[in-house]
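Protein chains get the first letters and strands the later ones, always in sequence-line order, with residue 1 at the start of each.
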Amino acid sequence: MPSTQTLPPRTAATSPAAAVRAEAATKVYGAGDTAVRALDDVTIGLPAGRFTAIMGPSGSGKSTLMHCMAGLDSLSGGRVMIGEIDLGKLSDKQLTRLRRDHIGFIFQAFNLVPTLTAAENIALPAKLAGRRPDRAWVDTVVRTVGLQDRLSHRPAELSGGQQQRVAVARALAGRPKVIFADEPTGNLDSRSGGEILAFMRRAVDEMGQTIVMVTHDPVAAGYADAAVFLADGRVVDVMDAPTSERVLDRMKRLDAPTPVVAPALAGAGNGRRS
Amino acid sequence: MLTTTFASLRGHKRRMLAMCSAVLLGVAFLSGTLVLGSTADSAFGNLYSEANAGTDAVVRSSTDIEADGVAQTGLLDASLLDRIGATDGVARVAPLVERAGQIVGADGDPLGGQGPPTLAGNWITDDQLNPYHLEPGGRAPESGNEVVIDERSAEDGDLHVGDHTVVRVPEPVDVEIVGIAAFGELDSMGGATYVAFTLDTAQRLLLPEPGKVTSFIVGAEDGVSQTALVDDLHPLLPDGTEAITGTALTAEQEEALQSDFLGFFKTFLLVFAGIALLVATFSIYNTFAIVVAQRTRESALLRALGASRRQVVGSVLAEGIVVGLLASALGMAAGLGIAKGLVALLGAMGMDMPRSSLVVEPSSIVVAIVVGLVVTVVASLVPAVKASRVRPLAALRDVAVDRSAASRWRALAGLVVTGGGAVLTVVGTVGAGSLPLTGLGALGMVFGMVLIGPVVARPIAGLLGAPLPRLRGISGGLARRNAMRNPRRTSSTAMALLIGVAVVGTFTVVASSLKAYVDDTIESSFAGDLVIVSDSFSGVSLSPELAGAVDELPEVESATALGGAPLQVDGKDFFATTADGPAMSKILDVGLTDGTFDDLGTGTVALSDTYAEDHGLAMGESVPVAYADGVHEDLRVVAIYDTNDLVDDFVIDKSTYAPHALQLDDYVVMIDLAPGVSMERGEQAVQAVADRYYAPDVQDKQEYVASVADQIDQMLAVIYALLVLAIIIALMGIANTLSLSMHERTRELGLLRAVGQSRRQLRSMVRGESFVVALFGTVGGLGLGGFLGWALTQAIGKAEDTSLPFALPVGQMAVVLVVGGLVGVIAAVRPARRAAKLDVLAAIATD
């Protein structure tokens with residue numbers, strides 16, 4: 001299995017520039033004997049205008065990588081670039097501003113401020129910046145996620161799926177350089193989850209948005225343009241045009257470094273594996 | 001369950017600290033006041049038993065008139081001394097002359113008179129009967145105007161053996177200090193100043209007649225009990241005299257001290273301790289409510305694992321007991337510090353404790369700890385029981401609960417109780433006035449507001465916070481929403497501050513009304529240009545020669561003095577006013593219904609119309625009165641005047657009173673300047689005379705009003721000082737609640753930071769929320785305080801049989817409003833900083 005650390009060069013001519021780049025990123029927790037290398041010398045570029053999934057078993061460092069790329073955590077070594085900006089050189093105030101103006105977030109749960117309505121939650125980053133939101137764009141986004149009738153509701157009055165849609169709308173409303181989604185469908189049933197993923201897909205296709213999603217769900221990965229696989233803090237594989245079956249397969253092999261084939265599948269899947 | 005309790009406590013040190021601090025402060029204040037009370041008791045209590053240590057019996061006059069806390073007893077013949085001395089069982093006897101006399105210090109300022117009495121008398125030569133002992137380097141007075149003074153006065157007045165100074169009796173008398181005395185181990189008897197002449201001089205200067213004494217103190221022979229001694233003395237006592245045992249005398253004096261001063265003092269302290277505890281209770285309840293809400297998950301987990309409801313409640317209860325015990329013990333220790341502070345405060349105001357070491361009764365410790373424990377347990381019980389009712393699975397599902405508390409029953413109950421309280425308060429102000437009723441109504445209103453608070457908290461917080469979005473953008477808007485999101489918590493947090501502010505407001509309104517009243521009274525009744533007012537309320541007043549001396553000045557048209565005379569009329573003791581009738585009518589603008597003051601001479605009396613009506617008296621009728629020296633006389637009514645507040649109900653001429661006066665003293669000299677004399681020139685001239693008599697400074701009308709207002713403000717300052725502590729407790733309560741609220745909202749704060757809220761914006765959001773909550777409490781408190789202040793003013797007026805105007809001190813209340821807002825901002829400083837320092841990642845981490 002090739003252990004590439006950059007995107008496959010198959011569409012070199014049309015390969016877009018990286019929206020987010022990690023260069024020799026290293027993150028170590030603790031010290032001495034108890035030191036844990038959550039990220040071990042990771043170099044990767046995530047293309048603009050694309051939907052990239054970051055996958056791996058628990059402890060692989062996928063969440064750590066995303067947090068560091070989003071400016072929520074700091075690296076022990078190496079650097080992260082968003083566009084031309086080196087995150088390591090920014091002060092807390094500048095980082096905060098970066099998150100406010102150029103990064104969108106969708107978390108697994110607890111995405112919304114309970115005291116604000118859906119409309120106010122969507123406008124939150126703009127309001128924090130003291131900016132007037134772009135009316136027309138926000139309307140477009142709201143229609144895209146289908147929330148026109150729920151704008152004046154508070155989170156407590158919305159279903160889980162609707163809450164996540166508000167989160168998506170908020171992330172899109174600011175037209176950020178990159179949206180980071182951390183297990184966005186983790187708390188949803190498959191139907192709501194599928195809706196969210198479809199919205200994110202549309203945002204990439206129709207609006208040219210860059211989305212980076214951390215997930216362990218192969219179905220979610222199937223919506224992405226590329227899937228990056230992490231294990232033990234390192235990139236072990238990059239899959240282009242992932243499907244849920246291929247991703248599931250790859251994940252199984254991630255868990256077991258020496259190929260261990262389950263007896264039931266051994267005969268069944270042999271010929272069809274690509 | 002006990003292990004989980006301790007583990008939980010250890011694991012959440014900050015929570016425990018928060019719970020502890022609320023209880024600690026309340027208990028500290030309670031124990032501080034209890035210790036202060038018992039210290040005062042013991043300090044003052046021993047004074048009299050020490051003073052009367054060698055006295056086995058006292059022979060004194062049986063006539064005594066007591067009015068306004070001052071007792072005047074008749075005099076005895078000095079010749080009685082021999083008969084007493086010759087009686088069986090009597091080992092020692094000494095004559096006692098005991099009056100008021102004020103020592104003037106080396107700098108020319110009179111000493112004392114602001115609390116403890118200023119005593120003057122004769123030096124008792126018998127060592128065993130005299131509680132005072134000479135310091136080495138001095139001797140007893142032997143002739144003329146030689147005196148011994150107490151050690152404290154010597155220190156305060158910078159006086160030494162051999163110095164010459166003046167003693168006011170109340171005329172100024174030149175004296176030479178030949179000795180300095182200590183009272184047992186102390187430098188004075190409870191702060192009272194003491195000057196002792198020879199017996200002859202004392203009789204001459206202090207008593208109106210020669211050959212008299214105030215009493216005799218008697219020591220018994222060995223083996224003779226005090227009661228036996230009194231029995232032995234009984235047969236030889238002439239009419240109008242009595243003998244009591246030394247123990248009985250001590251008991252009498254201690255009882256008088258309790259009822260005149262100590263009792264009131266201790267009640268005063270306890271009321272404030274009560275207020276502080278009430279405020280603390282709210283803080284404790286709040287803290288526990290939040291803590292228990294935070295632990296709903298833990299409790300639910302325990303329940304899911306099989307713990308019974310009783311076990312869960314029991315574990316919270318156990319935590320409450322542990323916290324209660326710990327905090328109460330610490331609070332008890334802190335209370336000692338508070339007691340020391342209060343002793344120092346009182347000392348700074350001239351009310352010294354004879355001893356500075358604190359007396360801690362076991363009962364104080366027990367009471368403080370029990371109260372702290374009970375309050376903590378009760379406060380923790382309610383939220384604990386509520387938490388145990390939550391279904392295990394519901395709690396584990398982590399719902400961001402915004403509980404609204406607007407139930408119809410609550411609103412109704414709240415309105416009824418508040419309304420009922422208000423009605424009761426008003427009822428206490430009509431008719432004859434009833435302070436207890438008004439007080440009860442006030443309490444009812446507080447309860448009503450506690451009930452209705454959560455119902456009105458949301459709309460009012462919304463209103464008060466309306467300017468925030470405009471001032472602070474979205475962070476301000478979030479702050480406003482946060483203050484509104486949990487009305488029950490907002491209300492109970494604000495309640496502590498509300499109570500403190502309400503008490504401040506009440507007293508401020510009462511004080512301002514009193515000042516307006518004084519202003520009106522003086523404005524309407526005082527027709528002169530200048531006054532000299534006696535400023536010592538526990539000692540010697542103005543010299544009776546002062547008015548005459550001022551009158552003789554060319555710059556002065558006329559000067560007249562008003563004095564006080566204790567009388568007994570119809571079995572009732574009271575103070576009548578003595579005046580120079582004809583002179584008085586020239587200066588005093590008092591309306592006359594009948595007769596004229598010019599007719600007021602020897603053997604006559606002028607009455608207020610209320611008094612005349614109440615007692616069915618008319619012009620020309622006779623009023624039988626009794627004086628302190630035992631003489632009875634009939635006085636003829638020659639004038640009836642409009643009831644006013646400058647003179648009492650009963651005015652007699654000085655010549656009527658003089659023969660029976662035990663010690664003359666005037667309390668005010670009123671001066672009318674001659675036409676054409678400027679105020680400045682007049683004041684200068686009169687001041688020169690006043691200085692000769694060591695009298696207080698002469699004042700014009702405005703200065704006089706201001707000085708009375710000053711006194712009211714001084715009393716207010718003491719009240720405010722005590723209330724500051726209650727406000728601090730409220731402030732800490734708000735900070736506590738805020739801290740824990742922020743802790744609860746960790747994820748939400750992390751989210752806000754993640755989407756781009758800066759640290760400064762977050763701090764501003766926390767401050768805004770605290771500000772609104774504090775404002776809620778302050779506005780409510782001012783409203784309640786204003787209303788209660790009005791009611792109290794009316795009730796006091798009715799009780800004193802006058803009517804007090806209602807003066808709303810708008811300026812001061814605005815200051816209180818600003819201070820309230822500041823409390824909110826200050827309380828938020830630390831919670832805001834901590835919230836802003838949150839690690840965003842840790843905050844938003846899903847577990």
Side-chain angles (χ1 to χ4, degrees), chain A residues 27 63-64 66-68 70-74 91-117 120-131 133 154-157 160 163 167 170-171 173-174 176 179-180 182-183 186-187 214, chain B residues 397-404 458 461-462 465 468-487 490 741 744-765 768-769 836-847:
Chain A
K27 177 80 183 177
S63 290
T64 309
M66 192 202 86
H67 291 151
C68 291
L72 290 172
D73 201 358
S74 55
S91 69
D92 177 82
K93 207 187 250 184
Q94 291 165 321
L95 267 174
T96 305
R97 219 166 280 176
L98 185 77
R99 289 199 302 270
R100 184 186 74 194
D101 299 334
H102 299 296
I103 300 179
F105 285 101
I106 304 168
F107 297 109
Q108 178 174 359
F110 217 85
N111 263 300
L112 308 178
V113 179
T115 53
L116 300 178
T117 63
E120 288 164 339
N121 266 294
I122 293 172
L124 185 58
K127 286 275 172 66
L128 285 170
R131 276 197 308 268
R154 293 234 160 83
E157 298 158 330
Q163 288 181 24
R170 178 187 68 212
I179 292 179
F180 287 101
D182 190 356
E183 311 271 10
N187 271 17
V214 164
Chain B
R397 236 183 265 136
D398 191 39
V399 181
V401 181
D402 287 340
R403 276 174 294 125
S404 64
R458 180 169 279 162
L468 279 177
R470 231 160 299 168
L471 292 172
R472 289 272 177 268
I474 185 74
S475 299
L478 284 166
R480 175 170 169 270
R481 300 274 179 98
N482 283 338
M484 293 166 66
R485 79 198 275 178
N486 195 335
T490 298
S741 279
E744 250 181 10
R745 294 185 214 146
T746 299
R747 286 247 201 91
E748 190 178 319
L749 295 174
L751 173 73
L752 283 166
R753 289 277 288 136
V755 298
Q757 188 185 47
S758 74
R759 291 215 167 111
R760 185 190 289 179
Q761 286 173 314
L762 198 151
R763 281 197 296 265
S764 146
M765 182 179 80
E769 180 183 349
K837 282 216 201 105
L838 275 177
D839 177 42
V840 184
L841 200 57
I844 59 175
T846 42
D847 44 13

Region of V755(B) that comes under 4.5 Å of a non-hydrogen atom in chain A: both
Largest heavy-atom contact set with chain A, pairs under 4.5 Å, which of R745(B), R759(B), R760(B): R759(B)
R458(B) side chain to M484(B) backbone, donor-acceptor under 3.5 Å: yes
Chain B contact via D101(A) - which portion, at a heavy-atom distance below 4.5 Å: neither
Residue L112(A) versus chain B: region with a heavy atom under 4.5 Å: backbone
Min side-chain heavy-atom separation I844(B)-L72(A) under 4.5 Å: yes
Least distance between heavy atoms, R485(B) atom then P114(A) atom: NH2-CG, 3.6 Å
Contact origin within Q761(B) toward chain A - heavy atom pairs under 4.5 Å: side chain
I106(A) backbone acceptor or donor facing N111(A) side chain under 3.5 Å: no
Check: T115(A) main-chain N/O paired with R154(A) side-chain donor or acceptor under 3.5 Å: yes
Under 4.5 Å from any heavy atom of chain A - which part of R753(B): both
Atom group of E183(A) that falls short of 4.5 Å from chain B, counting heavy atoms: neither
Value rounded to 0.5 Å, distance of CG in L116(A) from NZ in K127(A): 9.0 Å
Contact leader toward chain A among G473(B), A754(B), S758(B), where contacts are heavy-atom pairs under 4.5 Å: A754(B)
